[in-house]
Student: 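Sharing a structure, written as structure tokens. Questions coming.
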2 protein chains.
Amino acid sequence: MNRKPNLKDVAKLAGVSAITVSRVLTTPEKVSDKLRQKIEQAIHELGYIRNHAASALASNRSGVLAVIIPSLSNIVFNEVLQGIYSAVKPHQLQVILGDCHYSPLEEEKLIATLLSQAPEGVILTGTDQTDYARKLLQNAGIPVVQLMELTDQPIDINIGFSHLDAGMAMTQHLLARGYRRIGFLGARMDQRTQQRLAGFKRAIEDWNLTQARESQALCQQFVVTTGQSSSIKLGGQLLQAVMAESQGHCDAVFCCNDDLALGALFEARKMNLRVPADLAIAGFNDLEASALVEPGITSVAAPRFAMGKQAVELLMQKASGNQTEFPPIDVGYSIMVRGST
Amino acid sequence: MNRKPNLKDVAKLAGVSAITVSRVLTTPEKVSDKLRQKIEQAIHELGYIRNHAASALASNRSGVLAVIIPSLSNIVFNEVLQGIYSAVKPHQLQVILGDCHYSPLEEEKLIATLLSQAPEGVILTGTDQTDYARKLLQNAGIPVVQLMELTDQPIDINIGFSHLDAGMAMTQHLLARGYRRIGFLGARMDQRTQQRLAGFKRAIEDWNLTQARESQALCQQFVVTTGQSSSIKLGGQLLQAVMAESQGHCDAVFCCNDDLALGALFEARKMNLRVPADLAIAGFNDLEASALVEPGITSVAAPRFAMGKQAVELLMQKASGNQTEFPPIDVGYSIMVRGST
DNA sequence: AGACAAAATGTTAGCGCAATCATTTTGACC
DNA sequence: GGTCAAAATGATTGCGCTAACATTTTGTCT
């Protein structure tokens, strides 16, 4: 016979009942050493591999974790993923990964698809889900993590930091350094980028209010955004755009991520602008390259790996019923000040 | 009742039999419009989601594709993954992704785990699998793709290019440009990196043989490698190491990837070496940044996205039995010559 | 040795779905 | 209108495993 061996085949070969073989695979400590060895040998001899579908059906446990990220190509989410994978191992979970391409609608479809795997939990990026997606997740009755940003109305568990605050803090840093004609370069305006922009605007608004009261010079802002997806090259193009819009007066740019910032830095060199004397450049995400280019790019760092890891840990804690309510967790951020500002 | 609705619940609500509901989900064209609408409404009303485990068990089709990559953090594999994801959609496949951290042993364990999902196919990176892993895959009786490199003894389908040839070609390029004291910077010496190094050595050997015959000056080589994982920072360190070893005489470095090459470029600037006048720098993988730094880094480009895509396509073609034998597919590479050489 | 609890092993049933085959309904044609 | 094939729908069964409970074996204590 050529079909794949099943539990019964192993049981017959080892001279035991099927359930004992099953126990060797799931709770080996409940089987005596003698039998266990005999069974393990039989398993090996037949090359038996457990049928996950049958196991999941009978036990009502899929051993699957659904993860949805907005983009495979953005290294930022890869670091989160690494954190997730690092934490998944001890729990014997398989990760099913979906890429929603920054689209809540695609995310909704993915959720519907992934839920059919009856995952033990779901990890989502961001807090911008459709109403139907939220409903689906609530009905599923499994723990859900929204990662990367914070929200007032989390679906369930929420781990992240405030991109608005981080955007404000970085802008305030630029203001404190004396820059008064600041540009914002934004690409692929997802919710997190929009929050960063909102923080940028608010920081300048606040500043100008204070300055006006004291009759000081105000700060000008130049915002250039595009829906295109972010890249180094695009950073150069956006720098040209903001320079055109400000008629060359821009003295600092806050880029919504480090890819753009790197592109802006390379472009600034080509335009013969000294950084930071003629132009300051700030980024977001603190990629490795940002610390190593010359001058180093000032950026916002956040514990991405740790977020991913913690997401899995809280998820499994909740799934095992140890704790039912988790308050939102603010992992914070830090401004890495470097030569570019 | 609070349990999740199943097929029967939907069937009862719609006033049909369970199998008809099943048909709506799998082969809607076999159900009359009238019934289908009624059933779809019932599905929506109950928020019914099909139980994948039961479906897989009954139909003997898991709808799962197992993919193993050596590293989540290396953007190179992400591009392959994107190709895979782009091709997966029309086939209604879910990707289960494993990260083997460049270890054949971990890969073997992952294969054993992933096979329990009874995937429709498996996509592996590289050709360096353990014997037991190969046996497991052969027994599984499903199509397997080995991606990124070529081998004489593929397990099944093989798509990639020769890293040895590419390494040779790049070294020949450096020789043709007149460099005669060439360093090789290698990190995380996996099989592909070793192939590139072998190509490097062979190119110089060949060259020296020809030159010796013609009584010309020979080419010196300086090889610096480390098992550490690759990074921009490490590129700088390795450049220092190769300069120390060659007592500052090195006039070109071939980096086993672009991360190292970028690091070497940044470091060269700090050492006040002009690129390419004092030092040429060549890389591998052709990352976006390599084209945009100044000078641009000469690198080896390969169709990574296309490889991933084609892997899925051939896999599904084979799974559907249309074709049983595929000769190895050489996707080739190209040398992107830029300012750094 | 006998009594008893604990550990080890077995029996039975059912998880939710789709393959298979059986039956009913529909529609086309003369 | 009757015949027939095709389309639509249904009844039954089993996929491979594990939960729940039942039984047997082992070990400990008096």
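In what follows, every chain begins at residue 1, and chains take the letters A, B, ... in the order their sequences are listed.
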Student: My understanding is that only residues two or more places apart in sequence, or in another chain, count here; which of them pass side-chain hydrogen bond (donor to acceptor under 3.5 Å, both in side chains) with A:Ser71?
Tutor: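 A:Ser73.
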Student: State which residues pass side-chain hydrogen bond (donor to acceptor under 3.5 Å, both in side chains) with B:Lys34; sequence neighbours excluded, sorted by chain then number.
Tutor: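 For B:Lys34 there are no side-chain hydrogen bond (donor to acceptor under 3.5 Å, both in side chains) partners, ignoring immediate neighbours.
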Student: Listing request: all side chain to side chain donor-acceptor pair (under 3.5 Å) pairs with a residue in residues 49-61 of chain B, at least two apart in sequence or in separate chains.
Tutor: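 The answer is A:Gln117-B:His52, B:Arg61-B:Glu120.
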Student: Between side-chain atoms of residues 11-28 of chain A and protein atoms elsewhere (two or more places apart, or another chain), which donor-acceptor pairs fall under 3.5 Å?
Tutor:
| residue | atom | partner | partner atom | Å |
| --- | --- | --- | --- | --- |
| A:Ser17 | OG | A:Thr20 | OG1 | 3.2 |
| A:Thr26 | OG1 | A:Ser22 | O | 3.0 |

Student: I'd like to check the ring-ring contact (aromatic ring centres under 6.0 Å, His included) partners of B:Phe161; sequence neighbours left out, ordered by chain and number.
Tutor: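 B:Phe161 satisfies ring-ring contact (aromatic ring centres under 6.0 Å, His included) with B:His163 only.
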Student: Under a criterion of less than 4.0 angstrom to any heavy atom of chain B, what are the 5'-terminal and 3'-terminal contacting nucleotides of DNA chain D?
Tutor: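 Counting from the 5' end, contacts occupy D:dA8 to D:dG16.
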Student: Counting primed atoms plus P, OP1 and OP2 as sugar-phosphate and everything else as base, spell out the protein contacts along nucleotides 10-18 of chain C at 4.0 Å heavy-atom distance: B, S or - for each nucleotide, 5' to 3'.
Tutor: BB--BBBBB
Student: Is any NZ, NE, NH1 or NH2 atom of the basic residue among B:Arg36 and B:Asp33 found under 4.0 Å from an Asp or Glu carboxylate oxygen of the other?
Tutor: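 Salt bridge: yes.
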Student: Not counting sequence neighbours, list each pair that qualifies as a ring-ring contact (aromatic ring centres under 6.0 Å, His included) and has a residue in residues 73-123 of chain B.
Tutor: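 Residue pairs passing ring-ring contact (aromatic ring centres under 6.0 Å, His included), neighbours aside: none found.
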Student: Please give, in whole Å, the distance from C:dT9 C1' to A:Lys38 NZ?
Tutor: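 Computing the A:Lys38:NZ to C:dT9:C1' distance gives 12 Å.
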Student: Tell me the interatomic distance from A:Gln37, atom CD, to C:dA8, atom P, rounded to whole angstroms.
Tutor: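 Atom-to-atom, A:Gln37 to C:dA8, this comes out as 14 Å.
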Student: Just grab all the side chain to side chain donor-acceptor pair (under 3.5 Å) pairs involving residues 311-320 of chain B, residues at least two apart or on different chains.
Tutor: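 Every side chain to side chain donor-acceptor pair (under 3.5 Å) pair that includes a residue of residues 311-320 of chain B, provided the two are not neighbours, is B:Asp156-B:Lys318, B:Gln317-B:Gln323, B:Ser320-B:Asn322.
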